[in-house]
Amino acid sequence: MKITFLGTSHGYAEKNRFTSSTLIETAGHSYILDAGAPVEWIMENMDKPYDRIRGVFITHMHSDHVGSLGTVIEPMLRYRYNDNVTCFLPSQEGKEGFLNWLCTMHEPREKVESIVTLDVTKEGRFFENGEIAVSAKPTLHLGEEIATFSYTFEANGKKVLFTGDMGQGFPEYSKLVGKEHYDLVVCEMAHADLRDVADSLKQTNTDRMIITHYHMPRMEGHEEILPTFPFPVTIATDGMEITL
Ligand SMILES: [Zn+2]
Ligand SMILES: [Zn+2]
């Protein structure tokens with residue numbers, strides 16, 4: 001499984017950092033997690049074949065995670081024709097809103113739905129195609145009522161958790177990761193100060209951790225704090241690739 005960080009910024013783009021997007025490649029196919037960054041443009045720049053995309057997974061309906069979804073899907077309807085894609089939105093409202101948005105951009109609903117399968121994320125294991133399995137757990141990013149998800153990707157004997165955006169101070173973190181073992185946990189750092197959550201993160205049963213979606217003031221003290229973790233921790237940058 002190869003993971004490429006397409007956008008690692010927090011809620012707003014920064015110099016050299018787009019908002020949230022990650023590319024996961026396995027068994028010759030690609031999966032997009034969140035579409036805050038201009039995915040098509042970045043993949044073109046990195047020579048990542050667009051027609052290999054099989055799944056798009058959105059954690060929640062904030063613009064820094066979903067704002068560029070139109071530009072991910074729209075090319076699939078035209079010159080990058082691809083009718084093998086399932087796109088998961090976190091709620092029925094999100095799905096309907098997205099379809100309406102495409103409709104106002106003159107892509108009729110029937111046409112979109114005949115090419116791209118649009119679906120709604122369900123808690124637990126909700127996607128499996130023989131190459132990759134994806135499961136979701138709710139986070140408290142927008143409280144209990146609004147759907148926001150963390151996603152776990154399993155492929156080739158590897159297991160990677162992306163926390164997605166969590167509640168302020170990460171009240172759900174330990175329940176989210178549980179006791180199970182991960183090869184990698186990709187943790188956001190826009191909604192807690194590293195200093196405050198370090199002890200909780202250190203309990204994670206993982207071989208390594210990557211911090212993304214970080215707001216630099218939240219990372220204060222990271223030079224001293226991160227080396228005290230019981231596993232290696234890396235701070236993601238746009239374009240960073242890792243292979244598990
Ligand atoms: Zn966010
Ligand atoms: Zn958010």
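Atoms within each ligand, like the ligands themselves, are counted from 1 in listed order.
- At least one donor-acceptor pair under 3.5 Å links the side chain of Asn82 to the backbone N or O of Asn84.
- The closest approach of His213 to the Zn ion (ligand 1), by N/O/S atoms, is made by NE2.
- For Tyr151 and Phe126, the ring centers sit closer than 6.0 Å to each other.
- Aromatic pair His141/His62: centroids less than 6.0 angstrom apart.
- Close placement of the His65 and His213 rings is indicated, their centers lying within 6.0 Å of each other.
- Its N, O or S atom nearest to the Zn ion (ligand 2) is what matters here, and for His62 that atom is ND1.
- Between the Zn ion (ligand 1) and His65 there is an N/O/S contact shorter than 2.8 Å.
- Taking the six-membered ring where the residue is Trp, Tyr31 and Phe57 present tilted rings, their angle falling between 30° and 60°.
- At the Zn ion (ligand 1), the angle from OD2 in Asp64 to OD2 in Asp165 is 170° when rounded to 10°.
- Among the backbone and side-chain atoms of His60, none of the N, O or S atoms lies under 2.8 Å from the Zn ion (ligand 1).
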